[in-house]
Amino acid sequence: MSYLWVHLPNFAPCFSYLRYMTDRPVRVRFAPSPTGPLHIGGMRTALYNYLFARRAGGTMILRIEDTDQNRFVPGAEEYIRESLAWCGIQLDESPWHGGPHAPYRQSERKAVYEQYAQQLLHSGHAYYAFDTPEELEAMRERFKASKNEFQYNAASRMHMRNSLTLPAEEVARLIASGVPYVIRFKTPLKEEIRFYDLIRGNVVVQSATIDDKVLMKSDGMPTYHLANVVDDYLMNISHVIRGEEWLPSAPLHILLYRALGWEATMPQFAHLPLLLKPEGEGKLSKRDGDKHGFAVFPLQWKNPETGEVSRGFREDGYLPEALINFLALLGWNPGTEQEIFSMEQLIASFSLERVSKAGARFDIHKAKWYNQQYIKALSDEKLAELLLQELDKQAISCSFEKALLIARAMKERISFVHEIITTAKFFFEAPHTYDAETVTKKWNKDAEKVLTIFAEKIEHWQEEFTATTAKNLLNEALAAAGVKPGLVMPALRLAMTGSSGGPDLMDILAICGKDETVRRIQAAVKQLA
RNA sequence: GCACCGUUCGUCUAGGGGUUAGGACGUAUCCCUUUCACGGAUAAAACACGGGUUCGAUUCCCGUACGGUGUACCA
């Protein structure tokens with residue numbers, strides 16, 4: 001008997017876990033607010049929700065949390081939709097797909113929240129408050145002056161202007177007269193709130209540290225706290241998987257579930273670690289991307305007000321599969337040494353238990369490496385296609401056949417498709433200048449002599465000009481002049497590319513073609529003589 | 001300030017009462033390659049600190065430090 005009692009606290013997590021294991025269908029939601037482009041951290045939250053849902057054979061829901069009309073940004077919702085689609089995160093229910101719990105936009109569910117706010121009012125869990133924002137601000141200032149922090153809570157609520165302190169007739173009169181008011185939650189004075197977070201374990205918070213949060217704003221819209229609890233209940237959400245920034249308000253939400261009588265079907269919580277700045281302190285922000293020259297948004301975004309453009313991973317040349325793989329492993333690991341995961345593999349291996357607790361610094365180098373891995377895994381045809389798209393953007397014309405050859409030659413030398421055009425520009429135009437160091441080191445009279453013979457031989461060649469024929473003709477020229485290849489190859493490369501690096505030389509010759517090769521050799525001989 | 005969460009190589013992380021503390025990115029060197037990559041090999045590189053508990057702690061407990069988040073009629 002005592003044995004059991006002593007060990008009971010240790011079992012608490014197990015009990016919670018058992019409840020989580022009950023056969024309640026898994027329904028998760030990703031709930032962004034359309035206040036701007038979706039941050040990469042938000043993408044990861046969406047991803048984890050998606051993986052968790054698919055793994056459990058559950059449902060992935062997207063809900064737009066647009067209860068703040070002041071922060072609404074046109075285009076943001078469409079941006080969210082496009083970002084998720086680009087990454088391959090499929091939605092089962094959403095404002096765009098519909099579903100049994102529509103509408104999925106909180107601004108369209110106003111009446112619902114009003115109803116539950118009234119319920120809380122009637123049950124004594126909430127009250128009307130008439131304090132103006134100015135009054136509250138003044139209050140905060142006053143407290144700050146005496147080195148205290150103002151909290152609208154059990155200690156102060158009886159000194160404020162609300163339905164707890166004002167006579168009922170006065171309250172009715174104020175409401176009837178149309179003065180703005182909010183509805184606040186009457187946080188219990190002394191209550192211990194415990195819950196089991198699927199990532200963090202047991203969390204205990206005293207209700208005294210939670211203030212009387214606003215539930216309904218004076219514009220008739222609910223705050224996040226009320227709206228998310230009501231919607232999660234109504235939409236039958238089984239697991240709330242969200243960022244760590246919500247951890248401090250989770251106890252409030254639990255109190256709300258209790259007050260509404262919904263504790264039995266309350267979802268399980270899992271608070272994800274944050275994505276941190278690559279260096280220094282704080283969470284990853286848009287500034288970091290600008291500062292270090294990388295994207296923190298999935299897609300390019302143009303601020304409709306300022307016209308300012310923020311770069312996106314897509315436009316920077318990342319493949320969605322690579323981004324997803326990178327993001328998935330930032331805060332989660334499979335427990336094996338596997339690094340490369342397709343979406344299907346991620347779904348098969350994902351679990352919240354293996355999500356780490358600590359925030360992860362965002363390292364763009366790893367993202368780049370992932371992209372390289374995925375580029376290497378692409379078929380030549382696919383890479384050629386992507387190259388053609390990229391060339392098109394820069395108004396460079398190229399045949400599919402040539403693009404295919406270039407793709408094959410460059411595949412293992414790049415991390416991004418666009419690098420083919422920047423680092424191997426010579427495929428598309430003759431070099432304008434020759435790298436000075438390479439000229440002094442590698443250009444010589446012997447090379448000049450051989451290359452002249454070589455060019456003549458090519459000119460007379462009547463059949464198809466392949467890498468093999470190029471090689472043969474060069475060997476003939478070398479033999480004729482009695483010069484070793486080592487003296488000529490770098491010089492030939494210089495003539496063709498203007499520099500010293502790049503793919504196989506004979507491939508370059510073949511890809512550039514017979515006429516262009518001759519032209520470049522002649523130009524180099526003339527210019528470097 | 002208060003509340004909550006966290007802390008293993010520079011970074012992402014594995015591990016877990018006794019390990020040569022493992023992998024990956026990045027860095028360096030070497031091999032392959034007439035170049036550049038790819039690939040292969042090697043190297044440098046970590047348990048924040050202080051107390052407990054224990055035969056033994058990086059691992060468990062408690063403090064401290066540091067970091068993060070929250071503390072809005074924002075989400």
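Since we're looking at a predicted model, the values are computed, not measured. Below, read A as the first sequence line, B as the second, and so on, with proteins coming before strands; counting in each chain starts at 1.
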A.B. asks: Just to verify, what does E108(A) make a salt bridge (Lys or Arg N to Asp or Glu O under 4.0 Å) with, not counting sequence neighbours?
C.D. replies: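 With neighbours one apart ignored, the set is R105(A).
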A.B. asks: If you apply the rule ring-ring contact (aromatic ring centres under 6.0 Å, His included), what do you find for F416(A) with Y318(A), and how did you get there?
C.D. replies: CA-CA 7 Å; F416(A) 301 98; Y318(A) 285 87; 4.9 Å; yes
A.B. asks: Which part of the nucleic acid does S218(A) contact within heavy-atom distance under 4.0 Å: base, sugar-phosphate only, or nothing?
C.D. replies: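 Base contact.
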A.B. asks: Please encode protein proximity along nucleotides 57-69 of chain B as a string of B, S and -, counting only heavy-atom distances under 4.0 Å.
C.D. replies: ----------SSB
A.B. asks: Which residues pass the salt bridge (Lys or Arg N to Asp or Glu O under 4.0 Å) test with E244(A), sequence neighbours left out?
C.D. replies: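 E244(A): salt bridge (Lys or Arg N to Asp or Glu O under 4.0 Å) contacts with R200(A).
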A.B. asks: Dump the pairs, protein N or O against N or O of nucleotides 20-23 of chain B, anything under 3.5 Å, distances to one decimal.
C.D. replies:
from: G22(B); atom 1: O2'; to: E337(A); atom 2: OE2; distance (Å): 3.3
from: G23(B); atom 1: O4'; to: E337(A); atom 2: OE2; distance (Å): 3.1

A.B. asks: With a non-hydrogen cut-off below 4.0 angstrom, is T209(A) in contact with a base, only sugar-phosphate, or nothing?
C.D. replies: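 Sugar-phosphate only.
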A.B. asks: Checking all strands, does V214(A) fall into the base, sugar-phosphate, or nothing category for heavy-atom contacts under 4.0 angstrom?
C.D. replies: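 Answer is sugar-phosphate: V214(A) comes under 4.0 Å of backbone atoms only.
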A.B. asks: The side chain of A360(A) is closest to which nucleotide in this list: C25(B), A72(B), C12(B)?
C.D. replies: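 Looking only at side-chain atoms, A360(A) lies closest to C12(B).
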A.B. asks: Check whether any side-chain N or O of K213(A) sits under 4.0 Å from OP1 or OP2 of C73(B), and answer yes or no.
C.D. replies: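 So the side chain of K213(A) is outside the cut-off, no N or O lying under 4.0 Å from OP1 or OP2 of C73(B).
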A.B. asks: Going by purine N1 to pyrimidine N3 plus the second Watson-Crick contact, or the G-U wobble pair, all under 3.5 Å, which nucleotide sits opposite G70(B)?
C.D. replies: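 In the structure as shown, G70(B) has C2(B) as its Watson-Crick or wobble partner.
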A.B. asks: Only pairs with both distances under 3.5 Å count, Watson-Crick or wobble alike; so what is the partner of U27(B) in this structure?
C.D. replies: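 Pairing partner: A43(B).
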A.B. asks: Expressed in whole Å, how much space separates the P atoms belonging to G16(B) and C60(B)?
C.D. replies: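 Pairwise P distance, G16(B) against C60(B), rounds to 10 Å.
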A.B. asks: Before you tell me yes or no, could you show the steps for W332(A) and Y48(A) under ring-ring contact (aromatic ring centres under 6.0 Å, His included), namely the whole-Å CA-CA distance, both residues' side-chain angles and the distance that decides it to 0.1 Å?
C.D. replies: CA-CA 9 Å; W332(A) 170 84; Y48(A) 284 9; 7.5 Å; no
A.B. asks: Regarding R354(A), tell me which of base, sugar-phosphate or nothing describes its non-hydrogen contacts under 4.0 Å with the strands shown.
C.D. replies: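 Sugar-phosphate, backbone atoms only, no base.
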A.B. asks: Just wondering, are more than 12 heavy atoms of other shown residues or ligands nearer than 6.0 Å to NZ in K217(A)?
C.D. replies: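 Result for NZ/K217(A): enclosed.
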A.B. asks: Closest to the R493(A) side chain: C73(B), U35(B), A37(B)?
C.D. replies: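 In terms of side-chain proximity for R493(A), the closest of C73(B), U35(B), A37(B) is U35(B).
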A.B. asks: By side-chain contact (heavy atoms from CB on, under 4.5 Å), which residues pair with N333(A), not counting sequence neighbours?
C.D. replies: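 R354(A).
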A.B. asks: So do the side chains of L378(A) and L386(A) get within less than 4.5 Å of each other, counting heavy atoms only?
C.D. replies: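 Yes; the side chains approach each other to less than 4.5 Å.
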A.B. asks: Look at all strands and tell whether T336(A) reaches a base, only sugar-phosphate, or nothing, counting heavy atoms closer than 4.0 Å.
C.D. replies: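 Result for T336(A) = nothing.
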A.B. asks: Could you check which nucleotide pairs with U59(B) in any of the strands shown, counting Watson-Crick or G-U wobble with both distances under 3.5 Å?
C.D. replies: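 Across all strands, not a single nucleotide pairs with U59(B).
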A.B. asks: If you look at every strand shown and take non-hydrogen atoms under 4.0 Å, does V488(A) touch a base, only sugar-phosphate, or nothing?
C.D. replies: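 Counting heavy atoms under 4.0 Å across all strands, no contact is made by V488(A).
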A.B. asks: Which residue pairs satisfy the side chain to side chain donor-acceptor pair (under 3.5 Å) criterion with at least one member in residues 404-420 of chain A, sequence neighbours excluded?
C.D. replies: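 Sorted pair list: D380(A)-R408(A), D380(A)-K411(A).
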A.B. asks: Under 6.0 Å between ring centres: does that hold for F362(A) and F326(A)?
C.D. replies: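 Yes - the distance between ring centres of F362(A) and F326(A) falls below the 6.0 Å cut-off.
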A.B. asks: Taking the side chain of N333(A) as heavy atoms from C-beta outward, which of C74(B), A14(B), U71(B) is closest to it?
C.D. replies: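 The answer is A14(B).
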A.B. asks: Using the side-chain contact (heavy atoms from CB on, under 4.5 Å) criterion, which residues pair with F72(A)? Sequence neighbours excluded.
C.D. replies: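 P34(A), P74(A).
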A.B. asks: Partner of U20(B) by Watson-Crick or G-U wobble geometry, both contacts under 3.5 Å, or none?
C.D. replies: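 Looking at the geometry, U20(B) pairs with no nucleotide.
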A.B. asks: Could you check whether K442(A) gets within reach of a base, just the sugar-phosphate, or nothing at all, counting any heavy atom under 4.0 Å?
C.D. replies: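 If one applies the 4.0 Å heavy-atom cut-off, K442(A) turns out to touch nothing in the nucleic acid.
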A.B. asks: Taking the six-membered ring for Trp, are F269(A) and Y196(A) ring centroids under 6.0 Å apart?
C.D. replies: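 Between F269(A) and Y196(A), the centre distance exceeds or equals 6.0 Å.
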A.B. asks: Counting side-chain heavy atoms from C-beta on, which of C4(B), A75(B), C25(B) comes nearest to V203(A)?
C.D. replies: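 Shortest atom-to-atom distance from the side chain points to C4(B).
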A.B. asks: S356(A): which residues meet the side-chain contact (heavy atoms from CB on, under 4.5 Å) condition with it, sequence neighbours left out?
C.D. replies: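 For S356(A) there are no side-chain contact (heavy atoms from CB on, under 4.5 Å) partners, ignoring immediate neighbours.
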A.B. asks: Using a cut-off of 4.0 Å on non-hydrogen atoms, how would the nucleic acid contact of D131(A) be classed: base, sugar-phosphate, or nothing?
C.D. replies: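 Here D131(A) touches the bases of the nucleic acid.
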A.B. asks: For the side chain of R413(A), counting heavy atoms from C-beta on, which of A37(B), G6(B), G26(B) is nearest?
C.D. replies: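 So the side chain of R413(A) is nearest to A37(B).
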A.B. asks: Give one of base, sugar-phosphate or nothing for G335(A), where a contact means two heavy atoms less than 4.0 Å apart.
C.D. replies: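 No contact.
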A.B. asks: Identify whether any heavy atom of Q338(A) sits under 4.0 Å from a base atom; if not, whether one sits that close to sugar-phosphate; answer base, sugar-phosphate or nothing.
C.D. replies: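 The answer is nothing, as Q338(A) stays clear of every strand by at least 4.0 Å.
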A.B. asks: Dump every N/O contact between nucleotides 8-10 of chain B and the protein below 3.5 Å, one line per pair.
C.D. replies:
none

A.B. asks: Could you check whether W246(A) and Y224(A) have their ring centres less than 6.0 Å apart?
C.D. replies: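 Yes.
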A.B. asks: With sequence neighbours left out, what residues match R81(A) under side-chain contact (heavy atoms from CB on, under 4.5 Å)?
C.D. replies: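 Per chain and number, R81(A) pairs via side-chain contact (heavy atoms from CB on, under 4.5 Å) with E78(A), W96(A).
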A.B. asks: Applying a 3.5 Å limit to both distances, which nucleotide forms a Watson-Crick or G-U wobble pair with A14(B)?
C.D. replies: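 Per the H-bond distance test, none.
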A.B. asks: Output yes when at least one side-chain N/O atom of S356(A) is less than 4.0 Å from OP1 or OP2 of U13(B), else no.
C.D. replies: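 So the side-chain polar atoms of S356(A) do come within 4.0 Å of the phosphate oxygens OP1 or OP2 of U13(B), strictly under.
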A.B. asks: Has H292(A) got more than 12 heavy atoms of other residues, nucleotides or ligands less than 6.0 Å from its NE2?
C.D. replies: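 Counting other residues, nucleotides and ligands, NE2 of H292(A) exceeds 12 neighbours.
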A.B. asks: Name the pairing partner of A65(B), where a pair is Watson-Crick or G-U wobble with both distances under 3.5 Å, or state none.
C.D. replies: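 The answer is U7(B), by the H-bond criterion.
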A.B. asks: One character per nucleotide, please: for nucleotides 40-46 of chain B, 5' to 3', B when the base has a protein heavy atom closer than 4.0 Å, S when only the sugar-phosphate does, - otherwise.
C.D. replies: -------
A.B. asks: Using the side-chain hydrogen bond (donor to acceptor under 3.5 Å, both in side chains) criterion, which residues pair with D316(A)? Sequence neighbours excluded.
C.D. replies: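 Listed in chain order: R311(A).
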